[in-house]
2 protein chains.
Amino acid sequence: MVTIYDIAAKANVSAMTVSRVINNTGRISEKTRTKVKRVMEELNYVPNQMARSLVLQQTNLLFLLITDITNPFYTTLARGAEDAARKHGFRLLFGNSDEDLDKENEYLDTILKTRTDGVLVAPTGDASLPHLEMLRKHGVPFVLIDREVPGVESDIVLGDGKEGARQLVGHLAERGHRRIALINGSPHVSSARQRLEGFREALKLNDLAYSENNVLETSFGPRNDLSEVGAWLDRIDPDTTAIIAGNNFLAVEVMRSLAARGRKAPDDMSIVCFDELASYAEVDPFVTVISQQAYQFGYLGMQMLIDRIKEGEAAGPWKKIVLPSELIVRRSVKTLG
Amino acid sequence: MVTIYDIAAKANVSAMTVSRVINNTGRISEKTRTKVKRVMEELNYVPNQMARSLVLQQTNLLFLLITDITNPFYTTLARGAEDAARKHGFRLLFGNSDEDLDKENEYLDTILKTRTDGVLVAPTGDASLPHLEMLRKHGVPFVLIDREVPGVESDIVLGDGKEGARQLVGHLAERGHRRIALINGSPHVSSARQRLEGFREALKLNDLAYSENNVLETSFGPRNDLSEVGAWLDRIDPDTTAIIAGNNFLAVEVMRSLAARGRKAPDDMSIVCFDELASYAEVDPFVTVISQQAYQFGYLGMQMLIDRIKEGEAAGPWKKIVLPSELIVRRSVKTLG
DNA sequence: TAATTTAGGGTTATCGGTAACACAATTTAT
DNA sequence: ATAAATTGTGTTACCGATAACCCTAAATTA
């Protein structure tokens with residue numbers, strides 16, 4: 001491997017001079033500078049980031065940890081985060097926890113070991129608390145996205161899940177639906193809790209009954225086995241005419257399960273959900289959704305993270321950005337009587 | 001920051017002893033081992049990967065560079081790669097080149113600087129040649145996925161694009177289509193070339209005419225501005241009854257552009273494409289596609305990469321895996337006559 | 001002309017770990 | 001009982017870079 005010493009030897013200068021040329025620091029005569037640069041090109045020199053980070057105590061690397069890389073909400077968010085990081089000269093690395101606390105832990109380990117300068121993280125759930133405390137203890141700045149964790153104070157970017165749920169229920173009520181079901185993520189995930197809360201409030205507001213039986217709390221992640229969803233569909237109140245899905249994947253799974261039972265939206269069951277269903281939604285604009293500004297989640301979150309890193313962690317109180325959600329009405333809801 | 005020296009001091013041993021405990025190397029008495037371990041826990045010690053990598057000359061980190069993180073084909077591939085890497089104890093980092101040579105270059109820079117042990121890369125196109133030569137020159141093992149680069153010899157995982165195109169044309173011909181158009185990725189991308197070649201061969205095979213006018217070579221990446229696609233649709237041969245899209249996003253864009261013109265598939269135009277349209281395809285199985293085993297792309301590619309790393313680069317000839325493609329017939333093709 | 005300043009560049013120590021070797025105290029073999 | 005092997009641990013040098021300090025020669029200044 002080519003090192004600054006190789007460059008130094010070949011250019012007849014000291015290693016320090018080479019270092020100065022690389023970093024554009026100190027005083028160097030134009031002559032030496034060009035000479036050193038030529039040798040660097042000749043030898044295809046690439047600085048060793050490990051050595052650099054070791055002495056500088058910073059890596060110029062940021063980390064984005066999401067819970068599901070196959071979910072378009074998170075990949076769009078990732079694009080936003082990437083753009084913001086690049087704008088400030090940071091390099092961005094991704095990790096995918098897959099809604100799995102153990103994998104999250106592994107990535108945390110990687111983050112700590114590699115001494116990443118900061119982390120943008122969508123925690124798997126409330127159980128991520130020790131992971132985030134670990135980051136804090138080790139002085140790694142982080143910003144939460146999409147999900148709060150009770151007991152953790154930090155900068156955070158959230159969607160307005162409560163309001164979103166209210167809008168969805170309101171929309172369904174307007175269309176004449178009186179018995180609405182909810183399939184949701186785990187209650188250990190704040191966004192799921194928010195959506196459930198909004199759901200219950202909105203039911204009350206619209207004089208609709210809440211039925212325990214009509215709520216399934218499962219996981220936001222994709223699943224191969226649809227039997228849980230199917231079984232739930234079989235036992236929900238028979239007069240149910242609409243289902244709210246806590247995210248895009250759940251909506252898809254409900255629709256698949258319905259299809260397996262020979263039922264179809266919106267004729268046999270109305271369906272609405274949170275988050276867009278990928279770009280395909282633009283082709284066949286079918287499912288009525290609460291759309292979240294996924295790109296902004298990533299962009300603003302990353303912006304806050306970088307601000308923290310630059311200002312120093314202690315600068316100012318924690319910031320909380322709540323992004324509004326927007327109801328996009330399409331064709332998956334039937335208007336009743 | 002806590003270092004092995006802090007541990008060593010507190011445990012009344014030498015730094016080397018601590019290192020031995022961490023890595024489970026050398027001989028350590030059980031008594032010392034537990035003592036050191038206790039101190040490590042007490043101080044929340046995390047090894048500094050920078051320092052470690054510097055002396056070991058390896059990072060235990062692999063890199064996956066894809067061209068579009070919002071495309072479900074690549075994210076599914078990413079899941080496969082991740083699983084394979086984890087299985088062998090490697091940590092995986094992601095990068096997203098966005099079909100952009102400059103961004104690819106930036107990631108390459110990151111890869112070289114951080115001394116990643118190996119790279120799984122979907123090159124942006126033939127112009128990636130110097131990037132790959134750079135990797136080779138610096139002794140970074142890499143495996144190509146999805147796209148070949150003329151002039152580069154390496155392990156590679158490819159789809160059978162020619163055969164896929166043949167199947168699509170065959171299917172359309174069977175359904176009575178005589179004039180078929182193709183919207184494709186850039187000719188500087190091998191997969192696009194393969195698909196075009198297969199397309200032309202299959203036309204001949206089915207006694208169908210090839211018309212220059214009916215082929216648009218654009219980019220595989222998503223675009224905001226659909227005017228190019230729209231303009232092309234307006235000028236293709238008027239007797240065209242079917243369009244083959246070179247990938248999923250192109251199919252979506254064609255359908256959107258058609259919709260903007262008040263036309264709909266399959267009644268006004270039949271559409272088929274390569275790659276699945278995300279999980280939504282399972283709900284409303286609409287577009288007839290050539291499906292590629294995205295997960296296998298990632299899993300097998302990563303497997304090959306790790307084999308190379310473990311065996312040493314020079315072990316054995318380069319391997320090439322060609323994954324078969326499967327035609328999934330759905331409802332986007334109209335039967336003519 | 002002597003005293004400063006400035007430009008240009010070299011020396012040394014250090015970041016946090018690990019390999020290679022050294023060495024004393026046991027244990028085992030002869 | 002003595003030589004040889006084994007065990008457990010410490011020392012030193014080094015991975016590749018940079019900060020802090022030092023030094024010499026030329027350019028300014030008084």
Side-chain angles (χ1 to χ4, degrees), chain A residues 1-37 39-40 43-61 109-117 138-140, chain B residues 1-37 39-40 43-61 109-117 138-140:
Chain A
M1 192 192 311
V2 181
T3 73
I4 50 169
Y5 297 98
D6 301 323
I7 310 289
K10 192 153 187 184
N12 262 314
V13 294
S14 74
M16 198 57 220
T17 300
V18 178
S19 174
R20 286 188 182 109
V21 170
I22 294 169
N23 299 294
N24 242 320
T25 55
R27 303 181 223 284
I28 300 279
S29 73
E30 211 40 54
K31 210 176 89 191
T32 339
R33 184 192 306 280
T34 48
K35 182 174 62 180
V36 169
K37 280 198 168 167
V39 176
M40 289 196 327
L43 300 186
N44 272 298
Y45 171 73
V46 177
N48 186 322
Q49 182 66 40
M50 301 292 153
R52 216 141 182 273
S53 301
L54 189 57
V55 57
L56 290 179
Q57 302 283 27
Q58 64 155 45
T59 56
N60 211 34
L61 245 41
D109 192 53
T110 303
I111 287 165
L112 291 177
K113 279 187 184 159
T114 60
R115 302 297 195 262
T116 300
D117 287 344
H138 286 272
V140 181
Chain B
M1 190 193 308
V2 182
T3 73
I4 50 168
Y5 296 99
D6 301 324
I7 311 290
K10 193 152 183 186
N12 263 314
V13 294
S14 74
M16 199 54 222
T17 299
V18 178
S19 174
R20 288 190 181 108
V21 170
I22 294 168
N23 298 293
N24 243 319
T25 55
R27 306 182 223 284
I28 299 279
S29 74
E30 210 41 54
K31 210 176 93 191
T32 337
R33 182 190 307 280
T34 49
K35 182 175 62 180
V36 169
K37 281 199 167 166
V39 176
M40 290 196 328
L43 300 186
N44 271 297
Y45 172 73
V46 177
N48 186 324
Q49 183 66 41
M50 302 291 154
R52 212 136 185 278
S53 302
L54 189 56
V55 56
L56 290 180
Q57 302 284 28
Q58 64 155 43
T59 56
N60 211 34
L61 246 41
D109 193 53
T110 302
I111 287 165
L112 290 177
K113 279 187 184 161
T114 58
R115 302 295 195 265
T116 299
D117 288 344
H138 286 274
V140 182

Interatomic distance, A:M1 atom CE to A:N48 atom CG [nearest 0.5 angstrom]: 5.5 Å

Nearest-0.5 Å distance, NZ of residue B:K37 to CD1 of residue B:I7: 13.0 Å

Please write out the pairs of protein N or O atoms and N or O atoms of nucleotides 9-11 of chain D separated by less than 3.5 Å, giving the distance to one decimal.
| from | atom 1 | to | atom 2 | distance (Å) |
| --- | --- | --- | --- | --- |
| D:dT9 | OP1 | B:S29 | OG | 3.4 |
| D:dT9 | OP1 | B:T32 | OG1 | 2.6 |
| D:dT9 | OP2 | B:S29 | N | 2.9 |
| D:dT9 | OP2 | B:S29 | OG | 3.4 |
| D:dT9 | OP2 | B:T32 | OG1 | 2.9 |
| D:dG10 | OP2 | B:S14 | N | 2.8 |
| D:dG10 | OP2 | B:S14 | OG | 2.9 |
| D:dG10 | OP2 | B:T17 | OG1 | 2.6 |
| D:dG10 | N7 | B:R20 | NH1 | 3.4 |
| D:dG10 | O6 | B:R20 | NH2 | 2.5 |

For the residue pair [X] and [Y], what are the closest heavy atoms and their distance?
| X | Y | result |
| --- | --- | --- |
| B:P47 | B:R52 | CB-CD, 4.4 Å |
| A:A8 | A:A15 | CB-N, 3.6 Å |
| A:I4 | A:Y45 | CG2-OH, 3.4 Å |

Between P of D:dT18 and NZ of B:K113, the distance in whole Å: 11 Å

Contacts under 3.5 Å, N or O only, protein and nucleotides 13-17 of chain D:
| from | atom 1 | to | atom 2 | distance (Å) |
| --- | --- | --- | --- | --- |
| D:dC15 | O3' | B:Q57 | NE2 | 3.2 |
| D:dG16 | OP1 | B:Q57 | NE2 | 3.2 |
| D:dG16 | N2 | A:A51 | O | 3.3 |
| D:dA17 | OP1 | A:Y45 | OH | 2.5 |
| D:dA17 | OP1 | A:N48 | N | 2.9 |
| D:dA17 | OP2 | A:I4 | N | 2.6 |
| D:dA17 | N7 | A:Y5 | OH | 2.9 |

Any donor-acceptor pair under 3.5 Å from B:K113 side chain to A:Q49 backbone: no

Side chain to side chain contact (heavy atoms under 4.5 Å, CB included) against B:T59, all qualifying residues, sequence neighbours excluded: A:M50, B:S53, B:L61, B:R115, B:D117

CA sep, side-chain torsions, deciding dist, call: A:I22, A:M40, side chain to side chain contact (heavy atoms under 4.5 Å, CB included): CA-CA 9 Å; A:I22 294 169; A:M40 289 196 327; 3.8 Å; yes

